[in-house]
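What follows is a set of notes on a single structure, which appears directly below.
Given the structure is predicted, the values throughout are model-derived calculations rather than measurements. Because only heavy atoms are used, hydrogens play no part in the values below, and waters and symmetry mates are left out as well, while side chains stay in. We count ligands from 1, going down the list as the structure has it; atoms in each ligand are counted the same way.
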Amino acid sequence: MFDKILIANRGEIACRIIQTAQRLGVSTVAVYADADAGAKHVALADEAVHIGGSAPHDSYLRGDVLIAAAKATGATAIHPGYGFLSENPGFVDAVERAGLVFIGPSAQAIRAMGLKDAAKRLMEAAGVPVVPGYLGESQDSAHLAAEAEKITYPLLIKAVAGGGGKGMRKVTHPKDFADALISARNEAMGAFGNDAVLLEKYVEKPRHIEVQIFGDGVDAVHLFERDCSLQRRHQKVIEEAPAPDMPPAMRLAMGDAAVRAARAIGYKGAGTVEFIADASAGLHPDRFWFMEMNTRLQVEHPVTEAITGVDLVEWQLRVASGEALPLRQDDLHINGHAFEARLYAEDVPAGFLPATGRLDHLAFPANVRIDSGVRSGDSISPWYDPMIAKIIVHGPTRAVALAQLSRALAQTQVAGTVTNLAFLGVLARNPRFCQGDVDTGLIERDLAALTHIPESSLARRALAVLVAANVPMVAQAGFSLWAPLRRRVLLAHQGDIITAVVEIFSPDRAQVTLGTKTLTATRGEKGWQVEGASFVPVTVVAGKVFVFAPEGQFAFTTVDPLARVFVGEAAGNAALASMPGLVKALFVGPGQPVLAGDRLAVLEAMKMEHSLTAARDGIVAEVLVQVGDQVEAGAALIVLEQEV
Ligand code: ADP
Ligand code: ADP
Ligand code: MG
């Protein structure tokens with residue numbers, strides 16, 4: 001076994017590798033770019049080397065700098081993780097030239113599988129079924145169009161150098177072929193510097209089923225399949241192992257085909273053979289085809305670890321250091337069922353836009369495997385993949401594991417950035433998914449229901465108000481049954497300003513009036529609970545109140561008390577910024593009469609535009625900001641003349 005290895009990666013995968021290395025008594029060297037100076041993987045490793053600027057090209061993609069860091073620290077092997085340089089044969093060659101071990105397959109195996117067309121040819125020769133199509137011997141547009149007619153529509157245009165769903169277009173009608181070809185080529189050129197494409201028959205009711213393989217250069221085994229059919233734009237969202245309703249004969253056939261693929265290239269290390277299956281009439285052993293092979297550890301490898309009990313990173317280290325495969329095929333068995341959900345900082349209603357921000361608060365349930373590269377207080381930076389964590393559950397049956405997933409998602413708390421947590425929660429309860437009736441189109445078909453953003457109920461708002469009111473824990477002067485302590489609370493929330501009055505009868509009993517509704521609440525051991533509603537946890541960080549309810553996580557920003565001056569006793573004298581943002585437009589000036597509901601200004605916040613409207617009829621007294629100003633939540637933007 002190695003004494004010391006360098007991990008040429010960051011985030012959750014770097015942390016994941018460090019943990020296994022430590023268990024095996026192997027010292028670890030982390031590397032970090034400027035943006036990651038305080039990152040979790042740096043803190044976990046035994047030592048860390050700064051490798052350059054935040055952009056991947058200035059750091060994590062600089063093979064020479066990584067190799068020099070390994071040399072300087074006395075590491076004898078490099079683990080590439082996934083992404084970055086993990087499938088770069090030039091890097092493997094350079095590592096070996098430097099006298100170091102690359103923890104992964106040979107450069108030759110990566111080259112053989114690097115281009116989809118060459119990989120498909122190789123697999124065909126090894127007797128592995130491949131998706132019917134045209135492998136792109138000629139790249140002439142007219143010739144490709146003619147080949148498309150032969151394949152018949154619908155079909156897929158795929159970049160031969162593709163990955164991560166890029167350079168891929170589905171074409172349903174011949175008239176759209178020419179345009180789709182141009183856009184696929186452009187995207188492929190931009191992403192991979194190679195615009196060659198191949199054509200593939202589009203498989204109906206497609207299920208993405210992949211087989212984990214492991215080789216030692218002499219022999220190879222498979223560790224069963226993962227179903228990654230829950231995808232959005234060809235990106236995996238929730239993965240599971242084993243595949244639901246997998247016929248035993250098909251499992252055998254797929255495992256065999258995958259091991260044949262590995263043997264055909266003398267494969268060493270962890271790899272994944274991806275297949276597409278036609279599930280239009282259930283799964284059948286003669287209806288799956290090879291798509292591509294990923295010559296690295298895969299993001300979703302933990303579900304395989306959960307059902308087989310194998311630590312794949314341990315196997316990677318042992319095989320790379322010269323050991324033979326730790327187990328034979330007959331020793332490997334499936335135990336129960338596992339799911340992984342990918343938690344991302346992203347703005348789901350805005351079309352799953354990647355988001356950034358400081359994670360003011362991050363908490364996960366116990367008894368669940370969490371692979372994460374960030375901690376409370378860390379930031380999701382714009383430089384890298386906005387993944388927060390992978391949430392992995394394992395149970396005796398699919399139904400039990402899925403219930404655990406739902407529960408784990410409901411108990412996960414993230415504050416400080418928008419996330420896809422609510423989306424994952426709804427997806428985990430989707431009836432078709434629960435039945436195991438999955439295909440790659442499921443998410444897109446149910447998108448409206450899955451991305452519906454829950455509204456906060458009155459009870460959740462009242463809870464936030466109570467927490468913001470900061471009710472003293474012990475009775476103070478001022479409490480009496482006849483004259484309860486009154487507090488006025490202003491909170492910015494979902495583009496609105498909530499004005500509430502809290503009446504405090506005792507340290508553990510209060511009522512909240514929101515508009516015309518009054519709710520009572522009591523305070524117990526765990527905190528406030530609003531009458532008629534379940535208990536839900538609340539966290540306060542830096543002037544913000546976060547309510548972690550099962551139906552959704554809601555953020556409330558306490559409004560600057562100074563802004564109350566403008567609101568005055570009769571609310572509605574001022575238009576306040578509902579959240580921190582940028583003033584995009586102003587529609588009124590001083591002296592101008594306005595009617596209730598008139599648009600006064602537009603604020604851009606969280607990548608969305610919010611209109612601020614007049615709360616009542618009146619005359620504009622003052623405009624306190626200019627277009628382009630950055631404003632804090634609760635800041636007064638426009639003030640109306642006092643009502644007479
Ligand atoms: P797959 O599971 O087939 O690799 P993914 O969506 O997981 O598909 O990954 C697509 C590509 O992006 C892969 O090259 C993967 O290595 C890379 N990638 C995915 N997630 C991350 C991440 N969190 N950090 C770095 N690279 C990533
Ligand atoms: P990438 O390298 O980008 O991961 P893949 O070839 O693995 O590209 O395809 C990505 C996804 O596209 C698959 O997981 C599957 O959902 C879909 N897909 C690929 N090929 C087909 C096909 N022939 N028919 C239907 N869907 C396909
Ligand atoms: Mg793929």
Side-chain angles (χ1 to χ4, degrees), residues 82-83 86-88 110 112-124 128-136 147-148 150-172 180 183-185 187-188 190-192 194-213 225-240 243 254 258 261 270-280 283 287-301 340 342 385 438-445:
Y82 54 70
S86 61
E87 291 178 282
N88 184 319
I110 297 177
M113 289 298 172
L115 295 180
K116 291 187 203 288
D117 54 344
K120 282 178 77 175
R121 279 194 202 99
L122 192 77
M123 289 303 102
E124 225 167 359
V128 175
V130 305
V131 189
Y134 173 70
L135 292 180
E147 289 295 334
K150 282 194 227 162
I151 295 167
T152 73
Y153 290 84
L155 55 78
L156 274 176
I157 304 175
K158 277 190 190 178
V160 303
K166 290 206 187 71
M168 186 149 58
R169 294 290 181 278
K170 180 181 175 187
V171 192
T172 310
S183 75
R185 276 181 172 156
E187 192 171 294
F192 316 111
N194 175 349
D195 69 355
V197 297
L198 57 78
L199 306 179
E200 254 178 27
K201 178 68 193 158
Y202 185 81
V203 173
E204 290 303 326
K205 197 159 187 211
R207 272 177 66 175
H208 174 120
I209 303 178
E210 57 184 37
V211 177
Q212 175 71 53
I213 54 124
E225 78 282 359
R226 295 184 285 257
D227 193 312
C228 312
S229 299
L230 288 195
Q231 303 184 347
R232 202 194 134 262
R233 304 226 173 118
H234 312 299
Q235 305 272 356
K236 298 158 186 170
V237 178
I238 293 182
E239 302 99 340
E240 61 180 302
M254 285 187 110
T272 296
V273 183
E274 295 190 335
F275 297 98
I276 192 96
D278 176 346
S280 54
L283 293 176
R287 249 175 272 160
F288 71 86
W289 301 274
F290 170 84
M291 257 189 325
E292 65 162 345
M293 178 166 176
N294 294 322
T295 50
R296 54 173 160 86
L297 194 66
Q298 201 107 339
V299 175
E300 58 274 21
H301 75 277
E340 172 187 280
R342 299 186 187 193
D385 181 284
V438 293
D439 71 277
T440 61
L442 185 144
I443 290 181
E444 208 58 43
R445 278 193 305 273

Practice item. Can you sort out which atoms of ligand 2 are near Glu274, meaning under 4.0 Å from one of its heavy atoms? Key: 7 (O)

Practice item. Select the closest option to atom 10 (C) of ligand 2 among Met291, Met168, Arg207, judged by heavy-atom distance. Key: Met168

Review point. Is the closest heavy atom of Lys170 to ligand 2 under 4.0 Å?
Key: no

Review point. Which one of Lys116, Lys236, Arg226 satisfies the salt bridge (charged side-chain N to carboxylate O under 4.0 Å, His left out) criterion with Glu274?
Key: Lys236

**Study point:** Side chain Lys150, main chain Gly133, donor-acceptor under 3.5 Å
**Key:** no

Review point. Does at least one non-hydrogen atom of Lys236 fall below 4.0 angstrom from an atom of ligand 2?
Key: no

Review point. Any nitrogen or oxygen of Gly165, main chain or side chain, under 3.5 Å from a nitrogen or oxygen of ligand 2?
Key: yes

Check your understanding: Do the side chain of Gln235 and the main chain of Gly164 share a donor and acceptor less than 3.5 angstrom apart?
Key -> yes

Review point. Can you name the one residue among Val128, Val130, Asp278 that meets side-chain contact (heavy atoms from CB on, under 4.5 Å) with Trp289?
Key: Asp278

Revision key, fill the gap. Near Thr440 (heavy-atom distance under 4.0 Å), the atoms of ligand 2 are 16 (O)

Review point. Would one find an N, O or S atom of Glu210, in either backbone or side chain, under 2.8 Å from the Mg ion (ligand 3)?
Key: no

Exercise for review: Answer with yes or no whether the side chains of Thr440 and Gln231 bring together a donor and an acceptor at under 3.5 Å.
Suggested key: no

Practice item. Please check if the side chain of Gln212 supplies one atom and the backbone of Gly271 the other of a donor-acceptor pair under 3.5 Å. Key: yes

**Study point:** Lys158, Glu292, Lys201: member with heavy atom nearest to atom 6 (O) of ligand 2
**Key:** Lys158

**Study point:** N/O separation below 3.5 Å, Val131 to ligand 2
**Key:** no

Point to revise | Atom CZ of Arg233: over 12 foreign heavy atoms under 6.0 Å | key: no

**Study point:** Sub-4.0 Å atoms of ligand 2 with respect to non-hydrogen atoms of Gly162
**Key:** 2 (O)

Point to revise | Any N or O of Lys116 closer than 3.5 Å to N or O of ligand 2 | key: yes

Review point. If only atom types and distance count, is the side chain of Glu225 paired as donor or acceptor with the main-chain N or O of Ile209 below 3.5 Å?
Key: no

Practice item. Provide the number and element of each atom of ligand 2 under 4.0 Å from a heavy atom of His208. Key: 13 (C), 14 (O)

**Study point:** Under-4.0 Å heavy-atom contact with ligand 2, by part of Leu156 that carries it
**Key:** side chain

Check your understanding: Closest to the Mg ion (ligand 3), which N/O/S atom of Glu274 is it?
Key -> OE1

Point to revise | Any residue meeting ring-ring contact (aromatic ring centres under 6.0 Å, His included) with Phe290, in chain and number order, not counting sequence neighbours | key: none

Check your understanding: If you look at Glu292, which of its N/O/S atoms is nearest to the Mg ion (ligand 3)?
Key -> OE2

Point to revise | Smallest separation among heavy atoms of Arg232 and Val237, with atom names | key: N-CG2, 3.8 Å

